[in-house]
Amino acid sequence: MPGGYPFLGHALQLRFRPLEFVRSLRACGDIVVFRLGPRDAYAVNHPDLIRQMLVTDAKSFMKGRMFEKGRLVARNGLFTSEGDFHLRQRRIIQPLFRRAHIQQYAATMRQIAQAHVDTWRDGQEVRMDRELFDLALTTVTRVLFSTRLDEGRSEAVCRSLPVLLEGLGRRAVAPIDLLDKLPTVMNYRFGKALSLMQSVIEGIIAEHRVRGADTADLLAALLAGRDEETGEGMTDEQVYDEVVTTLIAGTETTAGALSWACYLLSRHPHIQRRLQDELDEQLGDRDITFEDLGKLRFLQQVMAETLRLHPSTWMLMRSPLTVVALGGHVLPAGSTVLFSIYALQRDPALYPHPEEFDPDRWAPDRAAQIKRDAYIPFGAGVRGCAGEQFARAEMAVILAVMLRQYTLSPASGPPAKPIVRLIPMPSAMPLIVHRRPRGHSFQEAP
Ligand code: HEM
């Protein structure tokens, strides 16, 4: 592929223009070979080939170098572990994210969202990106730790996590590993945040072992979790890895998706009004429950379309365990294979007017025409998102709580754009919140 530099190959494009770069790969074929530093890398661009890699031939691939960086923080958690160990962990953890548990978490999600929205005033400008990061972090920590996080520990987690996420994002696209080891301010802050996070979470796990299961939260469920096949549970170290993995995988992802949903709704007042009408009609004056989520069809369409345009990951990686034949190419064992859900879901060959925010493309008759494997915001196969149902419930509950009470409109300032770290997060996103008269579906958006 043209455009590479000596020694670095295409690493600079990947580092500095990542979204343009991953989208440009599509025009070069279903599989493209390019250079990443000293190595050849392969980009897989066709939905059938991505499926083959993630589902049909999943056993022939491991996650690869990009995820090795994640091990610095998430060690051997579900996101970064491999092979039989991963399968065993997945068997223990997946049941904790099933319907019955999410049903219970949905009430916590609603209470936290309501408490945030209750602090807003009519006409206030809200930095929605920050607000939703806080909301997502509070939700995931409350579901994990219930009330165990006192103010000091909660503050420590909230302070450390953004530093860790930023550091991981930088490391994932760094052309050479040496950059992580230089004595820079950023590397120092990363190391400090990591030890702070470690001491807080290890402390909570140790307390739990002494006191026993005094609360019904996700941490208690992880500590009690057993592999159905062998009856084995997890050691404290493994529980620690899964707690950190949940914090990392479950905060920015949902916060980013929710921020983009709010942003898009603020710029499409007629869509926002339709959504509010649906909420008024279905919920009336009562609080939203888990059982309502399936009935809120237009809300589901808005979420589906937001996750198509802003799917939380811009590039993912795999590495073949043996030589693998894929789409007429022979991929060597250990090679770097990339795929981009972001580029896939904006491919004009798969979606008419791919840049347009059009929730009606998910109305049943039109959705049936979309190729199944062209839409994978949560990945696919055995490495697909373990928290998908959690994330969907959280997004729906938060949007419903916000939009029943407030209408969002853009504040002045430049349009938000994605800033690529580990995932594409929105830049500063100030929105004005306008209080709606309670229970009225005829409210005009300003
Ligand atoms: C809108 C929100 C989210 C999106 C779009 C999303 C997307 C994804 C994707 C694409 C993957 C697969 C990565 C790969 O194939 O390499 C993944 C994996 C994962 N996600 Fe999510 N995620 C979201 C929220 C969450 C939440 C809330 C949690 C936990 C509470 C979570 C936990 C995980 C875990 C543990 C994995 C690794 C699964 C495994 O390898 O077995 N995610 N996610």
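Just so you know, ligand 1 is whichever comes first in the structure, and atom 1 is the first atom listed for that ligand. Starting from 1, each residue takes its place in the sequence as its number. Here the structure is a predicted model, which is why all the values come from computation and not from measurement.
Remark: the E131 side chain and the W120 side chain contain an N/O donor-acceptor pair separated by less than 3.5 Å.
Electrostatic pairing of D358 and R366 counts as a salt bridge here, judged by a charged N lying under 4.0 Å from a carboxylate O.
Taking the ring centroids of W362 and Y375, they lie under the 6.0 Å cut-off.
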Contact table, ligand 1 N/O with protein N/O, distance under 3.5 Å:
unit_1, atom_1, unit_2, atom_2, d
ligand 1, 15 (O), R318, NH2, 2.7
ligand 1, 16 (O), K63, NZ, 3.3
ligand 1, 16 (O), R318, NH1, 2.9
ligand 1, 16 (O), R318, NH2, 3.3
ligand 1, 40 (O), L78, O, 3.2
ligand 1, 40 (O), H86, NE2, 3.4
ligand 1, 40 (O), R383, NE, 2.9
ligand 1, 40 (O), R383, NH2, 3.2
ligand 1, 41 (O), H86, NE2, 2.6
ligand 1, 41 (O), R90, NH1, 2.7
ligand 1, 42 (N), A249, O, 3.4

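Listed by first and then second residue, the side chain to side chain donor-acceptor pair (under 3.5 Å) pairs that reach into residues 324-344 come to none, sequence neighbours excluded.
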N/O donor-acceptor pairs under 3.5 Å from side chains in residues 47-54, not counting sequence neighbours:
unit_1, atom_1, unit_2, atom_2, d
D48, OD1, K371, NZ, 2.9
R51, NH1, D373, OD1, 3.2
Q52, NE2, D57, OD2, 2.9

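Listed by chain and residue number, nothing satisfies the salt bridge (Lys or Arg N to Asp or Glu O under 4.0 Å) test with E202 (two or more places apart in sequence, or in another chain).
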